[in-house]
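Please read the structure below before turning to the comments.
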Protein chains: 2
Amino acid sequence: MAFSDLSSADATAVLEPVPRNTLRAQVADRLRAAILRGDIAPGAPLVETALSERFDVSRGPLREALRQLIEEGLVVTVPYTGTHVAPLSVEDVHEIYSLRTALESFAFEQVWPYRDDRFRTELNRRNAALIAAVDAGDDHASIQTELEVHGLVYEASGHRLLRRAWYGLRGRLQLYWAAHHLAHGRHGPRRDSHDSYIAAALGDDLAAMRLEIANHMRRGAETTERFLRKPNPSEKSKRGDKT
Amino acid sequence: MAFSDLSSADATAVLEPVPRNTLRAQVADRLRAAILRGDIAPGAPLVETALSERFDVSRGPLREALRQLIEEGLVVTVPYTGTHVAPLSVEDVHEIYSLRTALESFAFEQVWPYRDDRFRTELNRRNAALIAAVDAGDDHASIQTELEVHGLVYEASGHRLLRRAWYGLRGRLQLYWAAHHLAHGRHGPRRDSHDSYIAAALGDDLAAMRLEIANHMRRGAETTERFLRKPNPSEKSKRGDKT
DNA sequence: CCATGTCAGATTGTCAACAATCGACGATCG
DNA sequence: CGATCGTCGATTGTTGACAATCTGACATGG
């Protein structure tokens, strides 16, 4: 319930414990970035030997990095057979957004009485960054900033398990948004959609916020599902290579 | 939303695809069982070399098994320093039960219109098993059956991500219940508490079910928190050995 | 007596070779 | 010609040895 750290892009994040750098973490970061950037398409095979040689690491750390991405829902594997980037499916979209509705409502319930000036300022700051990115037509930045806007309530909740659950959803969400971006050059959110979301988040009516979340998610799910059913207008698919 | 498989302890589960047996899965199972049985106490160190030699496996599969248990919240590790069974904390208890309240409410929302005879029969069956275990004074069985009672709604939801979130909570819950059982010889739930839960789950009023879940979780959290503040009456702590 | 620097032991991180398993292709037989 | 079985290449699973890092204790100097 208490605040933990609202600062992320702020310069306030010093004095935190130094992150231990292991190879598996670096490999996971790089591989995650490659997948979310669309360099490796959903469904494409991920061969351990090829990847380990490409990253110039042995298969040990690489395997552990893969396990991490499996947890995040970006990768799927079947023993002795093969590993692939997670394929996209409409069922997943539905599950992601419906569960996200429940989690985000719960998160706001937790935070509701504790939305101090710091919270409001930070929310406005992140929203401004989102608007700027959208107006600038920077799709990558708009995806990132939208995740940061929605991520704030999870961070502010100080609820570690909730935050963890959010991370489990965030990667999957990114995967779909990235695919959408690659196909259409623009991902879902409209400015006014977020304006009402922010207004409700700063307002006094928790029930209204719940409703706003439900609507926001319904719109998001619809947009993403529609995209999935007719993936791209120009058929410019990415290849899932490895060397 | 559709049902997936309600049968678990039923004899109906034959003819299913053969589970791939990898060493890491077997090691994870064994180690998880050892932790939940209390053979290794919360906070006790888990040394990879010692464990690998004890299980007669190399450190590779053992490490991957540890990563899995880390995901489940049973184990914590800090790079280059050490790995331990997750320590108990009152904050965790609060987080587990509060998040569980949100998830289980959501699960019932998903299932509510689809509670057919199969669902009701299975719920009654599992509840009967729980009652039998409690009456027989079999603590281990009563923990398992209680998890199965509450697990039904997640399974019936057919919501893979929700089920996954439940698994992320279940292990942690088991850890606390097991610790409680070891200290007091009996874990929380009273018969009447579950009777009202089951009644509401089979009833017509979803709002009443939400309330019942909230109450059920509040009672559970209180019991577990109380135990954590004064762990045991007879000070019979388990040792966390490795050889 | 306290602060600082150094060292040794322990523990995890990483590597490269070897084994088990799988899916697909092609030979063989009816 | 079709179905079945065996074989092969590819991929992941597993292993044991070696390297990097951390923690705590001890010595040293102020």
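What you see below is based on every heavy atom in this structure, not just the backbone, and it leaves out hydrogens, waters and symmetry mates. To find a chain, count down the sequence lines: A is the first, B the second, and so on, and within it residues start at 1.
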Among D:dA17, D:dT15, C:dA17, the nucleotide that comes nearest once only the side chain of B:Val57 is considered: D:dT15

Selected nucleotide, minimal atom distance to A:Val47 side chain, candidates D:dT15, C:dG13, D:dT12: D:dT12

For [X] and [N], what is the distance between atoms [atom1] and [atom2] respectively, to the nearest whole Å?
X	N	atom1	atom2	value
A:Arg24	D:dT21	CZ	C1'	13 Å
B:Leu66	C:dT11	CG	P	14 Å
B:His84	C:dA10	NE2	P	15 Å
B:Tyr80	C:dG13	OH	P	7 Å
B:Glu64	C:dT14	CD	C1'	13 Å
A:Leu23	C:dT14	CG	C1'	7 Å
A:Glu53	D:dT12	CD	C1'	16 Å
B:Ile70	C:dT12	CD1	C1'	11 Å

Sugar-phosphate only, base, or nothing, as touched by B:Gly60 at under 4.0 Å among non-hydrogen atoms: base

Sugar-phosphate only, base, or nothing, as touched by A:Thr49 at under 4.0 Å among non-hydrogen atoms: base

Does a nitrogen or oxygen in the side chain of [X] sit under 4.0 Å from OP1 or OP2 of [N]?
X	N	result
B:Thr81	D:dC22	no
A:Arg67	D:dG13	yes
A:Arg63	C:dG13	no

Non-hydrogen side-chain atoms of A:Leu152 and A:Arg126 separated by less than 4.5 Å: yes

For the student: nearest non-hydrogen atoms of B:Val85 and B:Ala41, plus distance: CB-O, 3.4 Å

Whether A:Trp166 and A:Tyr154 hold their rings parallel, tilted or perpendicular, with breakpoints at 30° and 60°: parallel

Flag for A:His150-A:Glu104: side-chain donor and acceptor within less than 3.5 Å: yes

Donor on one side chain, acceptor on other, B:Glu148 and B:Gln144, under 3.5 Å: no

